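Numbering of ligands and ligand atoms starts at 1, following listing order. Note that this is a predicted model, so its numbers are computed, not measured. Values below: every heavy atom of this structure, side chains too, minus hydrogens, waters and symmetry copies.
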Amino acid sequence: MLKLDQIHKTYMTPQGPLRVLENVSLTLAPGQSLALMGESGSGKSTLLHLAAGLDLPDQGHIALAGQNLASLAEPARAKLRREQLGLVFQQFHLVPSLSVIDNLRLQARLAKREDADWSAHLIERLGLEGLEKRYPEQLSGGQQQRLAIGRALALRPALLLADEPTGNLDETTADEVLELLLSLVHETQCALLIVTHSLQVAAPLDRCLRLRHGRLLDAAL
Ligand SMILES: Nc1ncnc2c1ncn2[C@@H]1O[C@H](COP(=O)(O)OP(=O)(O)OP(=O)(O)O)[C@@H](O)[C@H]1O
Ligand SMILES: [Mg+2]
């Protein structure tokens, strides 16, 4: 589903080059779940951006759904992202001018893979029934993130990439939202790569890896 092969990534900064990822390899099979941990600044978001084809590595290869990202031009990468990937970030990134239901359907609509029954089921599972016509600013933080999760899953992606999806929520809400995310991932049977600081989140997943000094290590929980 996702394969990173000997990835290197260095950022140019005013202080000089900053090596963030060194020789990072990982494989995620269809339906597998993986937690990515590591200290702030260790390169977790960088790795996720590379996996999503939002940025390219300096060295190494990344294959998403069997396609080599470096061999694709940006429009083709965008199409692949749209059709295969669900993305959830710490900031919800909802479209403020679209209603709840239109936000939920947006990606599926762009990919021409709308499924009204699945959307309705998601709205129910996300506890957003009755709120379909509201706008994001009229929702609580937890509701907004549940909607962002629904949007990412509306087209039944093969892979969900989640970057600290509950980092902006209070502890109780975060726990509820995470539980819902994991349960929906299970239901959708998509692969999951989630960046998290929570051992509780990481423990039930198939694997847990930790980034440290640019290298990827097996994390002992
Ligand atoms: N576009 C950029 N240009 C220069 N440096 C960057 C850029 N993006 C990230 N960095 C630096 O690369 C390092 C890794 O950043 P990254 O965002 O991947 O860390 P992270 O593990 O996601 O951290 P956090 O847990 O705080 O989200 C950091 O030192 C950061 O300052
Ligand atoms: Mg980050």
Side-chain angles (χ1 to χ4, degrees), residues 2-28 32-64 69-70 72 74 77-78 81 85-94 141-142 144-149 151-152 157 159-171 173-175 177-178 181-182 185 190-203 205-221:
L2 174 68
K3 191 168 165 58
L4 275 68
D5 191 18
Q6 301 183 16
I7 296 303
H8 293 253
K9 182 73 184 173
T10 297
Y11 288 117
M12 289 306 159
T13 73
Q15 291 76 38
L18 177 71
R19 299 178 84 176
V20 178
L21 300 178
E22 283 184 55
N23 209 24
V24 165
S25 299
L26 78 84
T27 306
L28 192 64
Q32 255 195 344
S33 58
L34 168 66
L36 181 61
M37 307 188 81
E39 286 175 12
S40 180
S42 60
K44 305 180 296 298
S45 296
T46 299
L47 191 155
L48 227 68
H49 282 129
L50 294 172
L54 294 167
D55 197 2
L56 291 172
D58 305 326
Q59 276 182 56
H61 296 287
I62 300 178
L64 177 61
L69 289 180
L72 302 175
E74 176 48 31
R77 280 208 300 274
R81 245 192 324 269
L85 269 192
L87 290 165
V88 184
F89 298 101
Q90 190 170 349
Q91 265 73 27
F92 317 131
H93 293 304
L94 297 165
Q144 289 187 49
Q145 193 59 314
R146 295 207 295 271
L147 175 55
I149 291 166
R151 177 183 56 182
L159 171 63
L160 182 70
L161 297 175
D163 194 350
E164 293 190 63
T166 57
N168 259 335
L169 304 175
D170 67 71
E171 210 175 317
T173 312
D175 289 348
V177 170
L178 268 173
L181 183 147
L182 295 180
V185 162
C190 60
L192 172 69
L193 173 49
I194 184 170
V195 172
T196 179
H197 290 290
S198 162
L199 293 172
Q200 213 180 323
V201 174
L205 303 190
D206 295 326
R207 265 192 307 163
C208 180
L209 299 173
R210 187 181 297 278
L211 268 174
R212 193 168 211 180
H213 306 308
R215 310 225 169 225
L216 201 54
L217 313 164
D218 268 314
L221 292 183

Please list, in number order, the atoms of ligand 1 under 4.0 Å from a heavy atom of [X].
| X | answer |
| --- | --- |
| E39 | 21 (O) |
| V20 | 12 (O), 13 (C), 14 (C) |
| S42 | 19 (O), 21 (O) |
| L18 | 11 (C), 12 (O), 29 (O) |
| E164 | 25 (O), 27 (O) |

Exercise. Tell me, yes or no, whether the heavy-atom count around Q200 atom CD, taken from other residues, nucleotides or ligands under 6.0 Å, exceeds 12.
Key: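 Atom CD in Q200 is not packed in, count stays at 12 or less.
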Is it true that a side-chain atom of [X] and a backbone atom of [Y] form a donor plus acceptor pair closer than 3.5 Å?
| X | Y | result |
| --- | --- | --- |
| Q145 | T166 | no |
| R77 | L72 | yes |
| D206 | S33 | yes |
| K44 | E39 | yes |
| R81 | A52 | yes |

Practice problem: Write down the atom of L87, the atom of L160, and the distance for their closest heavy-atom approach. | Solution: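 In this case the closest contact between L87 and L160 is N-CD1, 4.2 Å.
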Just to confirm my output: which protein heavy-atom neighbour is closest to [atom], and how far is it?
| atom | answer |
| --- | --- |
| atom 1 (N) of ligand 1 | Y11 CE2, 3.7 Å |
| atom 25 (O) of ligand 1 | K44 NZ, 2.7 Å |
| atom 13 (C) of ligand 1 | G41 O, 3.5 Å |
| atom 16 (P) of ligand 1 | T46 OG1, 3.7 Å |

Quiz prompt | Polar contact flag for S45 and ligand 1 (N/O pairs, less than 3.5 Å) | solution =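 Yes; the residue has a nitrogen or oxygen that sits under 3.5 Å from a nitrogen or oxygen of the ligand.
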Quiz item: Hey, is G38 one of the residues with a heavy atom under 4.0 angstrom from ligand 1?
Solution: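 No; G38 lies far enough from ligand 1 that no heavy-atom distance drops under 4.0 Å.
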Quiz item: Is the closest heavy atom of H49 to ligand 1 under 4.0 Å?
Solution: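 No; H49 lies far enough from ligand 1 that no heavy-atom distance drops under 4.0 Å.
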Quiz prompt | Close side-chain approach of Q32 and T27, heavy atoms under 4.5 Å | solution =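 With C-beta onward as the side chain, the pair stays apart.
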Quiz item: Tell me, do H8 and N23 make a side-chain contact under 4.5 Å, heavy atoms counted?
Solution: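 In short, these two side chains touch, coming nearer than 4.5 Å.
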Exercise. Look at atom 18 (O) of ligand 1 and say whether a protein heavy atom is found at less than 4.0 angstrom from it.
Key: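 At least one protein heavy atom is under 4.0 Å away.
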Practice problem: Output yes if S40 passes the N/O/S-under-2.8 Å test against the Mg ion (ligand 2); output no otherwise. | Solution: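 Under 2.8 Å: S40 has no N, O or S contact with the Mg ion (ligand 2).
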Quiz item: Looking only at non-hydrogen atoms, which of P14, S40, G214 approaches atom 24 (P) of ligand 1 most closely?
Solution: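 Comparing heavy atoms across P14, S40, G214, the nearest one to atom 24 (P) of ligand 1 lies in S40.
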Exercise. With sequence neighbours excluded, tell me which residues meet side-chain hydrogen bond (donor to acceptor under 3.5 Å, both in side chains) with S45.
Key: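 Counting only residues at least two positions away or on another chain, S45 forms a side-chain hydrogen bond (donor to acceptor under 3.5 Å, both in side chains) with D163.
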